[in-house]
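Heavy atoms only: backbone and side chains are in, while hydrogens, waters and symmetry mates are out. Start at 1 and go down the list; that is how both ligands and their atoms are numbered.
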Amino acid sequence: MTQTSSNGVVAYEIVDRIAWVSFNRPDKRNAMSPTLNRDMMEVLDLLEFHEDVGVLVLTGEGSAWTAGMDLKEYFRETEAKGLAGTRKAQSESYGWWARLRWYQKPTIAMVNGWCFGGGYGPLFGCDLAFAAEDAKFGLSEINWGILPGGGATKVATELMPLRKAMYHAMTGENISGTTAAEWGLVNEAVPLERLKDRVTEVAHVLLAKNPVALKATKDAVRRVGEMTYDNAQDYLIRAQEAANSFDGEGRKEGIRQFIDEKSYKPGLGTYDTSKTQG
Ligand code: COA
């Protein structure tokens, strides 16, 4: 059953251990207002350690994933309140994007339509991203007279080669979901009618994995990019050793099922995690 946040601008539903979370302002193309940012944090809080949730999917109601920051409520109205108003609004939006980047559960962006500007924050916050082929991605900031802030420029340069990021940011031209996949903004683009099935399929792949190993892996992928090789190697040793203390017998069971039981091959799939208590 679909539920909504305090102000109704975020919807969510848990089905088979997948939390489907939606931007829910379709009449405003899911633009991120301060209210939406607060409600999203509320919903992320609720779901992060919920025992029925193994994967979180972020999508949008209607024709948009999100049209980015709300130009009226996020920019104009908070600016009118002075520095404190602006900083508060920034901290509320950047806060939930950071929460997503380091979320306990794996996260998937399911980009069903428009994705602009500030939307690149949560897009990057999600571990994986799948888009409709006809979705539209744009750094539209330059079209209304600002630079792509709130991390959007950083996202572009993290995910795309420099020439493409520069073109994307300077021209404000939109690209399709198909091109976004080619340029590295999303993992894959599929026809809209297949998008939910594809995301469900990927979510089930993740649900079958050892959850402690999955959280350690997603954090490691984000962390090591900034490290030297030696620092990364050292971090990965420590991260695995830390994971061992929460994983119980998980990894030993993975070895046992392959070497002793011969019930699966790690090169071809996942061990049966239900046979161990994490
Ligand atoms: N901020 C505030 N309101 C927004 C918005 C945004 N980012 N994006 C859409 N809306 C509002 C519109 O003002 C309109 O409100 P109204 O019905 O009260 O007039 C409503 O949402 C529908 O938008 P509309 O432009 O009529 O929809 P569309 O389907 O024709 O076009 C977009 C969709 C996304 C192309 C267009 O709305 C747009 O360009 N939005 C701004 C995108 C942007 O630059 N975002 C960057 C933010 S950093």
Visitor: If you measure from atom 40 (N) of ligand 1 to every heavy atom of G118, P26, A67, which option wins on shortest distance?
Guide: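 Residue with the shortest heavy-atom distance to the ligand atom: A67.
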Visitor: Assess R251 against Y271: is NZ or CZ under 6.0 Å from the centre of the six-membered ring, and within 45 degrees of the ring's axis?
Guide: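 Checked: cation-pi criterion not met.
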Visitor: Hey, is atom 25 (O) of ligand 1 under 4.0 Å from any protein heavy atom?
Guide: no
Visitor: Looking at atom 1 (N) of ligand 1, what's its closest protein heavy atom, distance included?
Guide: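 It is L71 N, 2.9 Å.
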Visitor: What protein heavy atom sits nearest atom 23 (O) of ligand 1, and how far off is it?
Guide: R29 CG, 3.9 Å
Visitor: Are W96 and N37 close enough that a side-chain donor and a side-chain acceptor fall under 3.5 Å?
Guide: yes
Visitor: Within less than 4.0 angstrom of ligand 1, does I146 place any heavy atom?
Guide: no
Visitor: Is R198 salt-bridged to E188, cutoff N-O under 4.0 Å?
Guide: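 Counted as a salt bridge, because a side-chain N and a carboxylate O are separated by less than 4.0 Å.
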Visitor: Quick test of your reading of the model: are E48 and K105 salt-bridged, counting only N-O distances below 4.0 Å?
Guide: no
Visitor: Working to the nearest 0.5 angstrom, can you tell me the gap between W65 CH2 and N112 CG?
Guide: 9.0 Å
Visitor: In terms of side-chain geometry, is the basic nitrogen of E77 or K81 positioned less than 4.0 Å from the acidic oxygen of its partner?
Guide: no
Visitor: Does S140 reach ligand 1 with a nitrogen or oxygen that is under 3.5 Å from one of the ligand's nitrogen or oxygen atoms?
Guide: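 Yes, S140 has an N/O under 3.5 Å of an N/O on ligand 1.
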Visitor: Can you report which non-hydrogen protein atom sits closest to atom 39 (O) of ligand 1, along with the distance?
Guide: F116 CE1, 4.9 Å
Visitor: Give me the nearest non-hydrogen protein atom to atom 7 (N) of ligand 1 as residue plus atom name, then the distance to 0.1 Å.
Guide: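 The closest heavy atom on the protein side is M69 O, 3.0 Å.
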Visitor: Among all protein non-hydrogen atoms, which one is nearest to atom 32 (C) of ligand 1, and what is the separation to 0.1 Å?
Guide: W114 CE2, 4.2 Å
Visitor: Only one of T107, L100, L123 forms a side-chain contact (heavy atoms from CB on, under 4.5 Å) with L58, so which one is it?
Guide: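 So the option named by the test is L100.
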Visitor: Which option, T66, I142, D27, owns the non-hydrogen atom nearest atom 20 (C) of ligand 1?
Guide: D27
Visitor: Answer yes or no for atom 12 (C) of ligand 1: protein heavy atom present at a distance under 4.0 Å?
Guide: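 Within 4.0 Å of atom 12 (C) of ligand 1, no protein heavy atoms are found.
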Visitor: Linking I/L/V/M/F/W/Y whenever their side-chain heavy atoms sit closer than 4.5 Å, directly or via other members, would L214 and V224 fall into one cluster?
Guide: no
Visitor: Please determine if G117 has a nitrogen or oxygen closer than 3.5 Å to a nitrogen or oxygen of ligand 1.
Guide: no
Visitor: If we only count N/O pairs under 3.5 Å, is S63 in contact with ligand 1?
Guide: no
Visitor: Should K72 be counted as touching ligand 1, given the test is an N or O pair under 3.5 Å?
Guide: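 N/O-N/O distance under 3.5 Å: no.
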Visitor: I need the nearest protein heavy-atom contact for atom 16 (P) of ligand 1: residue, atom name and distance, please.
Guide: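 Looking at atom 16 (P) of ligand 1, the protein heavy atom closest to it is K28 NZ, 3.6 Å.
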Visitor: Name the orientation class of the two ring planes belonging to W97 and Y94 (parallel below 30°, tilted from 30 to 60°, perpendicular beyond 60°).
Guide: tilted
Visitor: Salt bridge or not for E79 and R76, using N-O below 4.0 Å?
Guide: no
Visitor: Atoms of ligand 1 less than 4.0 Å from A31 heavy atoms?
Guide: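 Counting from 1, the qualifying ligand atoms are 1 (N), 5 (C), 6 (C), 7 (N).
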